[in-house]
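Structure first, commentary second.
Reckoned from all heavy atoms, side chains included, excluding hydrogens, waters and symmetry mates.
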Amino acid sequence: ALAVEPPGNFDIPDFIVKPATRAILKQLREGGYVLYMRHGTTDTRRPDQLPSVNLNDCSTQRPLTVDGRRLAARISREIRKAKIPLGEIISSPMCRAKETALATFGANFSVNNLLMYTSNMTDLEKGPVLDATRELLSKPLQGKVNRVLVGHAQNLMDLIGYLPKPEGTVVILKPMGGKHFKYIASITPAQWSSIQP
């Protein structure tokens with residue numbers, strides 16, 4: 001397992017990343033989990049145009065690449081192959097997240113502005129975003145389905161001290177109710193083939 005050290009705060013213990021297993025995939029088929037998917041591969045040479053990012057203008061945002069769309073489509077095939085039942089699918093309002101959601105899950109997803117990328121926010125601005133994310137990670141599910149959130153690595157870093165890498169990583173969490181959730185495991189894009197039945 002990889003240890004991820006949160007920068008600047010040495011009071012938080014190192015976050016231990018757990019690779020998913022076939023047994024965990026089997027549990028996902030029973031539902032009741034949240035899959036937090038980091039958006040696909042982006043072009044880091046074209047950063048968000050701060051402070052004038054326009055959610056309705058993708059040209060002001062760091063874009064998803066052609067490889068990022070292909071990666072999302074491949075993860076879509078892996079999720080279907082694993083027979084993971086999906087319920088609600090919710091995306092960040094950033095173009096790279098919405099385009100990842102579309103390429104992975106089709107048009108059947110909603111956008112929640114409170115899943116906005118937190119990297120360039122003040123602590124005050126982050127508060128409502130992290131509260132909304134925590135709620136979606138904590139709220140138990142009805143029936144044998146899993147909730148999907150398509151978002152950003154920095155948001156999980158702010159919430160639990162874990163920056164999922166690389167892009168396209170799926171983080172599995174168990175909602176516990178009452179604003180509590182438990183980290184279960186992560187699936188990097190390269191790991192899917194090794195855990196499929």
Side-chain angles (χ1 to χ4, degrees), residues 4 6-9 12 15 17 28 31-40 42 48-58 60-62 64 72 75 79 84-143 145-165 167-187:
V4 179
N9 187 343
I12 300 174
F15 190 95
V17 179
L28 290 179
Y33 292 85
V34 176
L35 307 179
Y36 187 102
M37 180 178 177
R38 185 180 179 190
H39 58 73
T42 56
D48 294 329
Q49 293 176 12
L50 298 167
S52 54
V53 168
N54 180 344
L55 291 178
N56 298 313
D57 183 356
C58 295
T60 68
Q61 304 173 38
R62 190 172 87 232
L64 198 66
I75 293 170
I79 288 172
I84 297 170
L86 304 178
E88 61 182 342
I89 300 164
I90 309 167
S91 173
S92 151
M94 298 293 281
C95 291
R96 55 187 174 268
K98 292 189 292 185
E99 290 170 10
T100 298
L102 183 63
T104 312
F105 306 106
N108 186 28
F109 68 92
S110 61
V111 173
N112 186 332
N113 284 354
L114 287 175
L115 294 180
M116 182 68 182
Y117 185 42
T118 59
S119 190
N120 303 297
M121 293 182 178
T122 66
D123 287 347
L124 192 62
E125 290 167 335
K126 285 180 184 181
V129 174
L130 298 180
D131 287 348
T133 305
R134 179 178 291 281
E135 175 68 22
L136 288 167
L137 296 177
S138 305
K139 188 168 68 172
L141 290 99
Q142 303 298 318
V145 294
N146 300 284
R147 178 181 301 124
V148 178
L149 306 181
V150 182
H152 309 276
Q154 184 62 45
N155 298 42
L156 274 190
M157 183 70 192
D158 288 336
L159 203 58
I160 61 173
Y162 169 34
L163 192 81
K165 293 181 180 179
E167 292 167 312
T169 293
V170 174
V171 182
I172 302 162
L173 304 120
K174 180 70 175 175
M176 310 297 283
K179 298 191 177 178
H180 296 288
F181 57 88
K182 182 179 178 185
Y183 168 71
I184 303 298
S186 302
I187 311 173

[Y] and [X], any side-chain heavy atoms less than 4.5 Å apart:
X	Y	value
H39	M94	no
K98	S91	yes
L149	L137	yes
S92	V150	no
Y183	L156	no
L35	L86	yes

- Item | Pair H152, S119: side-chain N/O donor-acceptor within cut-off below 3.5 Å | no

- Message: Looking at every heavy atom in both G87 and V145, which two are closest together, and how far apart are they?
- Response: N-CB, 3.6 Å

- Of all the heavy-atom pairs spanning A72 and T100, show the shortest one and how long it is. CB-O, 3.9 Å

- Message: Please report the interatomic distance CE(M37) to CD1(I79), rounded to the nearest 0.5 Å.
- Response: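 Here the rounded value is 6.5 Å.
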
- Task: State the CD1-CG distance between I184 and L28, to the nearest 0.5 angstrom.
- Result: 9.0 Å

- Message: Under the rule for side chain to side chain donor-acceptor pair (under 3.5 Å), what residues qualify as partners of T133, not counting sequence neighbours?
- Response: none

- Item | Set of residues satisfying side chain to side chain donor-acceptor pair (under 3.5 Å) with respect to N155, sequence neighbours excluded | T118

- Item | Residues forming a side-chain contact (heavy atoms from CB on, under 4.5 Å) with A153, sequence neighbours excluded | R38, L163, P164

Can you list everything that forms a salt bridge (charged side-chain N to carboxylate O under 4.0 Å, His left out) with [X]? Sequence neighbours excluded, please.
X	result
E135	none
K126	D158
R96	D48

- Please test F181 against V34 for side-chain contact (heavy atoms from CB on, under 4.5 Å), starting from the C-alpha separation and ending with a verdict. CA-CA 9 Å; F181 57 88; V34 176; over 6 Å; no

Using the salt bridge (Lys or Arg N to Asp or Glu O under 4.0 Å) rule, collect all pairs that involve [range], keeping only residues at least two apart or in two chains.
range	result
residues 99-125	R69-E99
residues 104-122	none
residues 167-185	R62-E167

- Item | Aromatic plane relationship, F15 with Y162 - under 30° parallel, 30 to 60° tilted, over 60° perpendicular |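 Ring orientation, 0 to 90° scale: parallel.
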
- Got a sec, which pairs hit side-chain hydrogen bond (donor to acceptor under 3.5 Å, both in side chains) with one end in residues 104-115, sequence neighbours left out? none

- Task: Applying side-chain contact (heavy atoms from CB on, under 4.5 Å), run through L136 and L115 and close with a yes or a no.
- Result: CA-CA 10 Å; L136 288 167; L115 294 180; 4.0 Å; yes

- Message: Enumerate the ring pair (Phe, Tyr, Trp, His ring centres under 6.0 Å) contacts for residues 84-113, please, sequence neighbours excluded, ordered by first and then second residue.
- Response: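 Checked against ring pair (Phe, Tyr, Trp, His ring centres under 6.0 Å) - neighbours excluded - no pair reaches residues 84-113.
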
- Query: Donor-acceptor pair, R147 side chain versus P175 backbone, under 3.5 Å?
  - Reply: no

- Check each of I172, T169, I75 against I187 using the side chain to side chain contact (heavy atoms under 4.5 Å, CB included) test, and report the only one that passes.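 Exactly one pass, corresponding to I172.
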
Show me the side-chain donor-acceptor pairs of residues 49-56 shorter than 3.5 Å, one per line, residues at least two apart or across chains.
{"from": "Q49", "atom 1": "NE2", "to": "S59", "atom 2": "O", "distance (Å)": "3.1"}
{"from": "S52", "atom 1": "OG", "to": "Q49", "atom 2": "O", "distance (Å)": "3.2"}
{"from": "N54", "atom 1": "OD1", "to": "N56", "atom 2": "N", "distance (Å)": "2.8"}

